[in-house]
Amino acid sequence: MKFETMRLPESVDEDFLVGTYYMKSDSEADIYDWVKLAAADQSAGTWTHVEGETPEVIEKYGAKVIGVYPMESEHACVARIAFPTANFPAYLPMILSTVAGNVLGQKGIRLVDIEFPEKILKELPGPMLGIEGIRERLHIPERPLVGAILKPCIGVPPEVSAEGAYQAAMGGADVIKDDELLSYPEYSPMEKRVAAVMERLREAGKDKTCLYAVNITGENLLERAKRAIEAGANALMVNYQAMGWGAVEDFIRGMKREGLRYPVFGHCAGMGAYYCAKTQGIGTALACGKLARIVGMDMPLVYPDSGRFGLSTNEFVETHAQCTAPMKGINRAFMTVAGGVQPGAVEYLMDLLGKDAILMAGGGIYGHPMGAEAGAKAILHAINAKMEGKSILEAGKECEELQRAIDVWGTRGH
C-alpha cells in the first residue's frame, strides 16, 4: 500500500502541530487506510480526488501521518497526525476545528493529546497569573490552597453569600468561588454580590489574602469583568466550556491588552460530554488540563477520582500534570480539585498531587457539623499537618474540627 502522507516524526518541525488519537473500529477493514483518510479529511484532502488537489497542495498543506501503533488485542491503534500550522491562526477555535473537527464525528475516534509548537504557544494566552502569580499575590509560597464553594449555591440573596464567604475566610479559606449555577439572577445581581462579599472579607481582614472568584459567565465577558472589578472583585470565574473556547480566549486576550491582571477561575461545566466516553470525544487531561490552561484559566476545576464524575485516578493525575508541567511561554495553572472533597481526603489528594493544587470543598466546608468556619479550618489543619509529615489520623487528634469531619465522612486510604 502506498502511504503518500507518511512522515517520520523527526521530519516534523516547528511548522506542524501534532494530534494524537485513539482509533478503534469493528468495520474499517484497514486501520492504516482509516488513519490516512482522517488526515486527509482534516487538511487538504477528502474521500475522493477533486480538481485542484495537486501533489504540490497536498505536500504543502496536507496533514502528515507520523505514527500508527496498532493494538495487539483489538482492531485499534494510536495514531499521530501532524497538521501544517500554515492552515490555521494561533487561535484555539481554529486549532480545534483542525484537529477535532469532522474527524471526531466518526465512531471510535478519540483525541487524546495535542502537541503545540513553540511558535503557536507564544501566540496563545495562557493563565494571567498562574501558580506562581497567585502564590505571590496571596503570600502563600508552598502549601496547597484551601478553596470554598459558596453554599447554598443558588436561591439566596447577596448577604447570605457574603456571610458564607466570611465564615470560610475566617476558617482559613484562600480562594472562595461562586457555584457554576450562580451568575446574574434577579435575587443576586453580580455587582451587589461582589460588593457584599468583599465588604465582609474586609471586615475579616481577608480582602487582600483571600480571592473571591465571582461568576461572570454571560454575554460580553470583558464588559462583565470590568463591572465586577469596579464593584470590588479580586478574582473572576467563567464556565469556560459552556461559554465556548473562542469567547473565553477573546476575553483573556482583552484582559491582557487592557492590563487587567486578575486571576480567572475556570469551571469545567459540561466537559463530561467531551471526556466520559472512552472511545470518543477528547481525553480528560487534554480537555480539562492542557486546553483549559492554554485558553487562560488560572484555576481550572477538575473533578477528583471518586468515580462520581467518571475520572480514573490515572486521568486525574495526568490532568494535574498537564496543568503544572513546563510549557514554553505558558504559565502553570493551579488545578483545583472539587466535587466531594472533604477534610479527611486531604492526605490522599496531596499524596497524588503534591503541593501545587487547590483543594476546594462545598459540602465538605458548609456541611461540617460545627459550621463552615470549622470546615475550612479542618481542611487547612489537614494540609499543614501533611506538610509537617503527619498522617491524617494523627492530625485529627490535634484538631477537634478535623476529627469531627473524619468521624462524619471518614478518610481516603485508611
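Model, not experiment: these values are computed from the prediction.
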[X] side chain to [Y] main-chain N or O, any donor-acceptor pair under 3.5 Å?
X: Asn331; Y: Pro127; result: yes
X: Glu28; Y: Asp33; result: no
X: His368; Y: Ala376; result: no
X: Asp298; Y: Phe265; result: no
X: Asn239; Y: Ala242; result: no
X: Tyr262; Y: Ile229; result: no

Chi angles and distances behind the side-chain contact (heavy atoms from CB on, under 4.5 Å) call for Lys177, His267: CA-CA 10 Å; Lys177 78 167 192 75; His267 198 287; 3.7 Å; yes
In residues 147-154, what donor-acceptor pairs under 3.5 Å come from side-chain atoms, sequence neighbours left out?
residue: Lys151; atom: NZ; partner: Asp179; partner atom: OD2; Å: 3.0

Mind checking the [atom1]-[atom2] spacing from [X] to [Y]? Nearest 0.5 Å is all I need.
X: Leu359; Y: Thr336; atom1: CG; atom2: OG1; answer: 9.0 Å
X: Ile282; Y: Tyr21; atom1: CD1; atom2: OH; answer: 9.5 Å
X: Glu136; Y: Ile131; atom1: CD; atom2: CD1; answer: 14.0 Å
X: Arg293; Y: Cys323; atom1: CZ; atom2: SG; answer: 7.5 Å
X: Asp207; Y: Leu201; atom1: CG; atom2: CG; answer: 7.0 Å
X: Lys355; Y: Ile383; atom1: NZ; atom2: CD1; answer: 12.5 Å

Aromatic ring proximity, centroids under 6.0 angstrom, Tyr240 and Trp245: yes
Heavy atoms only: give me the nearest [X]-[Y] pair and the separation to one decimal.
X: Thr319; Y: Ala285; answer: OG1-CA, 3.3 Å
X: Leu380; Y: Gly171; answer: CD2-O, 4.1 Å
X: Pro185; Y: Arg193; answer: CD-NH1, 4.4 Å
X: Gly296; Y: Ile252; answer: O-CD1, 3.7 Å
X: Gly344; Y: Ile406; answer: CA-CG1, 4.4 Å
X: Lys64; Y: Lys60; answer: NZ-N, 4.4 Å

What verdict does the side-chain contact (heavy atoms from CB on, under 4.5 Å) test give for Ile120 and Glu118, after you've listed the backbone C-alpha separation in whole Å, the side-chain angles of each residue and the deciding distance to 0.1 Å? CA-CA 5 Å; Ile120 294 292; Glu118 186 174 355; over 6 Å; no
Does a salt bridge link [X] with [Y], judged by any charged N lying under 4.0 Å from a carboxylate O?
X: Arg412; Y: Glu347; result: no
X: Glu142; Y: Arg135; result: no
X: Arg224; Y: Glu219; result: no
X: Arg253; Y: Glu249; result: yes
X: Asp250; Y: Arg257; result: no
X: Glu398; Y: Lys390; result: yes
X: Glu223; Y: Arg227; result: yes

Do the non-hydrogen side-chain atoms of [X] and [Y] ever get within less than 4.5 Å of each other?
X: Cys210; Y: Val175; value: no
X: Phe116; Y: Ile114; value: yes
X: Lys386; Y: Arg143; value: no
X: Lys208; Y: Arg137; value: no
X: Gln322; Y: Leu291; value: no
X: Ser161; Y: Val156; value: yes
X: Asp174; Y: Leu211; value: no
X: Phe16; Y: Thr85; value: no

Test salt bridge (charged side-chain N to carboxylate O under 4.0 Å, His left out) on Lys290 and Glu115; report intermediate values, then the result. CA-CA 10 Å; Lys290 183 182 283 190; Glu115 297 166 54; over 6 Å; no
Does [X] [atom1] have over 12 foreign heavy atoms under 6.0 Å away?
X: Lys256; atom1: NZ; result: yes
X: Lys119; atom1: NZ; result: yes
X: Asp13; atom1: CG; result: yes

Taking only residues two or more places apart in sequence or in another chain, which ones pass salt bridge (charged side-chain N to carboxylate O under 4.0 Å, His left out) with Glu14? none
Out of Phe309, Phe316, Tyr275, which residue meets the ring-ring contact (aromatic ring centres under 6.0 Å, His included) rule with Tyr303? Phe309
[X]-[Y] side chain donor-acceptor pair, cut-off 3.5 Å:
X: Tyr212; Y: Asp178; answer: yes
X: Asp113; Y: Thr20; answer: no
X: Thr217; Y: Asn215; answer: yes
X: Asp407; Y: Gln403; answer: yes

Any side-chain hydrogen bond (donor to acceptor under 3.5 Å, both in side chains) pairs touching residues 93-105, not counting sequence neighbours? none
Apply the side-chain hydrogen bond (donor to acceptor under 3.5 Å, both in side chains) test between Lys24 and each candidate in Gln280, Glu74, His75; give the one that qualifies. Glu74
Check the pair Val12, Ile66 against side-chain contact (heavy atoms from CB on, under 4.5 Å), reporting the backbone distance first and the verdict last. CA-CA 8 Å; Val12 172; Ile66 60 173; 3.4 Å; yes
Chi angles and distances behind the side-chain contact (heavy atoms from CB on, under 4.5 Å) call for Lys107, Thr279: CA-CA 8 Å; Lys107 185 177 180 181; Thr279 60; over 6 Å; no
